[in-house]
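This structure is a prediction, so every number in the text was calculated from the model and none was measured. For ligands, and for the atoms within them, numbers begin at 1 and follow the listed sequence. Just so you know, these numbers use all the heavy atoms, side chains as well, and skip hydrogens, waters and symmetry mates.
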Amino acid sequence: MNNKTYYKKNCKMSNIFLRLYSLNNKKGFVWPIIAAYIIMYIVTMIMQFRFNKVVMISGVVAQLQVITSVFLVIFLDNVGYKTAVIINSFQEIEVLIVVVLLKTHEALPGTIQPICTIITMYFLINTIRYLKDKINETAFQKEQLNYLAHYDSLVNIPNRTMVIDHINELINKSKKEQLGFALVFVDLDDFKKINDLLGHGTGDEFLIAVVSKICKIIKPDDMFGRIGGDEFALIIHQEVDKDKIINYLTSIMEVLNNNIELGDLKLKTTASFGVSIYPYDGNTCEDLIKCADMAMYKVKSSGKNGIKFFNKDMKDAVLQKIEIENNLRAAIDGDELYVVFQPQYNIIEKKLRGFEALVRWQCVKLGFISTESMIPIAEETGLIVSIGEWILRRACREFKQIIGDSDDELILSVNVSTVQLMKSSFVDMIKDVLYETGLNPNQLELEITESVFISSVENATKILKTISNLGVRIALDDFGTGYSSLSYLQKLPINTLKIDKSFIDNINDRKQFVGDIISIMHQMDIIVIAEGVEDESQFEYLRRHDCDCIQGFLLGRPQRMKELMESKFII
Ligand code: C2E
Ligand code: MG
Ligand code: MG
């Protein structure tokens, strides 16, 4: 349904009272009334002249005329008031004629009544006008409130409330008519970047431009609304055919892929689309929203800029995620987390360089949960802040216990999530842990990923410099999976670069590639560690190309510190 039509329908009710006044238009009413009073006064006059005195009927006509005046003014507004003045003037004239021609004072009081009626009607019409204005004003305010309650004030399309109302309306209608419809969640990809880089003002302008372009291709029966930030909903009326829905959404994608001009700026964007279909994916508004949302998140997690229809597997994945999240909250207190240490070696002489601490979770209820499942959920929920602090403290304590006060400059690497790093209390937390454990700052290395620079380069740079000034080392983890930008490395206090396992896996097919990275890093005084080294050929390649250190199953798997000690890894 067209957005405006829907809104107008809702507002019509508030106008019903005002419509009573539309009798205004029926001006044809007044002529019969005037004619009737002319006849009545002529008859009254004739009777008075006939009987040569004031007759009772003149009083009756006068009273009737007061009532008529009131109705005229109420229902015919200005025309009614003028008519009331005319018929009251007839009475005045009639009374004066009678007084003059019959030379009787008996009728004189009758001259006062029409004047009083005209004055009363004057006050009445003004009171009515005043009330009408008030009603209009209230109706306008009501309309405005209604508008604000149902429309998004920035982009001027239905808001979440109206979208939900419309979905419920469609569900009721579709139940009766046995029809289906589609709900699409649309989320602009990387809109946050536009806001961060160009400011919120430009972000708003961009949203307005995007919405106006999309609205041009939305079919009249469908509804396109904003449900928050850069998230929109499209309700496709009576459509369940997947191919047709894909075609429709592809046309929206094309619109977004074309340049959107904002003054001198030309911006392009993409979006992720998640689709749920009534009645197959749910028969309540809540279910349909959840399903569309899950499908949309699936698009986001698999590289954005795409369309996905909801399926049952997505629901299972989400339920599993919720279960992990619920159990993770109790994991620290329940002593379910522990830290393992994977050795890192200098490539020359295979001498131990140190360890990378990695978290493990043996959940009492769900069994062993992999770090790949756990870390993203911990980051999403913010639990990574407390979990990360626990890991750092535990890893430093265990590491310090083993190395004691030995002179060996072994290094402990601990992974730090971007969410953790961006917390204002992060640097103080590091200082506390170092103080508590007595670990030498330059024996601690924090592993960060390039995602820290996506949220805020400036902020990340500031925090990293402060940490570096403490003497703590900084390693850039998983190099090769993100932007792999060399410019960050030049600006930041990075001591170590860890080349991701995906580069090492087929290192021999990459010819000179990894070797080149190593030599560039050396020119920048950055140490290189190769991750996930599993076989001798990889080791050989890395040794040949002067890689500094290696970490991988070839030389050591992650183990608990106790087990590592038993295998006599240490000192
Ligand atoms: P990462 O920091 O790059 O850690 C290296 C991962 O590669 C570890 O997986 C390690 O077990 C695995 N690995 C090392 N050598 C080999 C190898 O030769 N072959 C194979 N197939 N794998 C190897 P893990 O422990 O499952 O950790 C996965 C990721 O989870 C880590 O990648 C890190 O990003 C994150 N993570 C792990 N522990 C923590 C933690 O304590 N805090 C945070 N924030 N993230 C962590
Ligand atoms: Mg790491
Ligand atoms: Mg890594």
TODO: Kindly give the heavy-atom pair with the smallest separation between Leu337 and Met374, and that separation in Å.
DONE: CD2-CE, 3.8 Å
TODO: Using a 4.0 Å heavy-atom cut-off, say whether Lys501 meets ligand 1 through its side chain, its backbone, both or neither.
DONE: side chain
Open item on the list: Strictly distance-based, threshold 3.5 Å: is any side-chain N or O of Tyr278 a donor or acceptor partner for the main-chain N or O of Leu183?
Closed with: no
Task: Heavy-atom protein contact below 4.0 Å for atom 46 (C) of ligand 1 - done: yes
- [ ] Please find the N/O/S atom of Asp478 nearest to the Mg ion (ligand 3) and write down its name.
- [x] OD1
Task: Passing option when Phe181 is tested against Ile236, Ile167, Ile277, Val240 for side-chain contact (heavy atoms from CB on, under 4.5 Å) - done: Ile167
TODO: Could you list the atoms of ligand 1 found under 4.0 angstrom from a heavy atom of Ile391?
DONE: 40 (C), 41 (O)
Open item on the list: Between Asp477 (side chain only) and Thr449 (backbone N and O only), is there a donor and an acceptor less than 3.5 Å apart?
Closed with: no
Task: Taking atom 5 (C) of ligand 1 as the reference point, the nearest protein heavy atom with its distance - done: Glu531 OE2, 3.8 Å
TODO: Mark yes or no for whether Asn311, through its side chain, and Met314, through its backbone, hold a donor-acceptor pair below 3.5 Å.
DONE: yes
Task: Glu447: its N/O/S atom lying closest to the Mg ion (ligand 2) (atom name) - done: OE1
- [ ] Consider every N or O of Gln420 and every N or O of ligand 1, then say whether any pair is closer than 3.5 Å.
- [x] no
Open item on the list: Determine whether the aromatic ring centres of residues Phe310 and Tyr280 are separated by less than 6.0 angstrom.
Closed with: no
- [ ] Work out which heavy atom in Leu256 is nearest to a heavy atom in Ile214; give both atom names and the distance.
- [x] CD2-CD1, 4.0 Å
Task: Angle, OD1 of Asn415 through the Mg ion (ligand 2) to OD2 of Asp477 - 10° precision - done: 90°
- [ ] Could you check atom 22 (N) of ligand 1 against the protein and tell me its nearest heavy-atom contact, residue, atom and distance included?
- [x] Phe553 CZ, 3.4 Å
TODO: Have a look at ligand 1 and work out which part of Asp477, if any, has a heavy atom under 4.0 Å from it: side chain, backbone, both or neither.
DONE: side chain
- [ ] Go through the steps for Gln420 and Met429 under the test side-chain contact (heavy atoms from CB on, under 4.5 Å), then give the verdict.
- [x] CA-CA 10 Å; Gln420 257 180 295; Met429 190 269 287; 4.3 Å; yes
Open item on the list: Does either side chain, that of Ser413 or that of Glu445, offer a donor lying less than 3.5 Å from an acceptor on the other one?
Closed with: yes
Task: Name of the Glu356 atom (N/O/S only) found closest to the Mg ion (ligand 2) - done: OE2
Task: Per-atom contacts of ligand 1 with Ser417, taking only distances under 4.0 Å to non-hydrogen atoms - done: 44 (N)
Open item on the list: Any heavy atom of Arg360 closer to ligand 1 than 4.0 angstrom?
Closed with: yes
TODO: May I ask you to identify, for Asn415, whether its side chain, its backbone, both or neither come under 4.0 Å of ligand 1 on a heavy-atom basis?
DONE: both
Task: Distance-only donor-acceptor check, side chains Glu379 and Ser417, under 3.5 Å - done: yes
Task: Within reach of ligand 1, part of Thr371 (heavy-atom separation under 4.0 Å) - done: side chain
Open item on the list: Under a 3.5 Å distance rule, please check whether Asp152 uses its side chain to pair with a backbone N or O of Val155 as donor and acceptor.
Closed with: yes
Task: Partner of Val533 under side-chain contact (heavy atoms from CB on, under 4.5 Å), chosen from Leu542, Ile499, Ile507 - done: Leu542
Task: Note, Asn257 side chain near Thr270 side chain (heavy atom, < 4.5 Å) - done: yes
- [ ] Establish whether atom 32 (O) of ligand 1 and some protein heavy atom are separated by less than 4.0 angstrom.
- [x] no
Task: Which residue and heavy atom of the protein sit nearest atom 35 (C) of ligand 1, plus the separation - done: Ile375 CG1, 4.2 Å
Open item on the list: Under 4.0 Å and counting heavy atoms only, is there anything from the protein next to atom 15 (N) of ligand 1?
Closed with: yes
- [ ] Quick one: do Asp189 and Lys304 satisfy salt bridge (Lys or Arg N to Asp or Glu O under 4.0 Å)? Show the steps, please.
- [x] CA-CA 7 Å; Asp189 299 330; Lys304 307 174 184 173; 5.9 Å; no
TODO: Ignoring hydrogens and angles, state whether a donor on the side chain of Asp546 or Ser519 is under 3.5 Å from an acceptor on the partner side chain.
DONE: no
TODO: Return yes or no for this condition: an N or O of Leu358 is under 3.5 Å from an N or O of ligand 1.
DONE: no
Task: ligand 1 atoms in contact with Pro558 (distance to a heavy atom under 4.0 Å) - done: 11 (O)
Open item on the list: Give me the nearest non-hydrogen protein atom to atom 19 (N) of ligand 1 as residue plus atom name, then the distance to 0.1 Å.
Closed with: Glu534 OE2, 2.6 Å
Open item on the list: Centroid separation under 6.0 Å, is that true for the rings of Phe399 and Phe341?
Closed with: no
Open item on the list: Please list the nearest protein heavy atom to atom 12 (C) of ligand 1 with its residue and the distance rounded to 0.1 Å.
Closed with: Gln342 OE1, 4.6 Å
Open item on the list: If I take every N, O or S atom of Asp500, is at least one of them less than 2.8 Å from the Mg ion (ligand 3)?
Closed with: no
TODO: Check Lys498 against ligand 1 and report side chain, backbone, both or neither, counting heavy atoms closer than 4.0 Å.
DONE: neither
TODO: Provide the number and element of each atom of ligand 1 under 4.0 Å from a heavy atom of Gly552.
DONE: 15 (N), 18 (O)
Task: Mode of Val533 contact toward ligand 1 - side chain, backbone, both, neither (heavy atoms, under 4.0 Å) - done: backbone
Task: ligand 1 to Val359 polar contact by distance, N or O atoms, under 3.5 Å - done: yes
- [ ] Please determine if Gln551 has a nitrogen or oxygen closer than 3.5 Å to a nitrogen or oxygen of ligand 1.
- [x] no
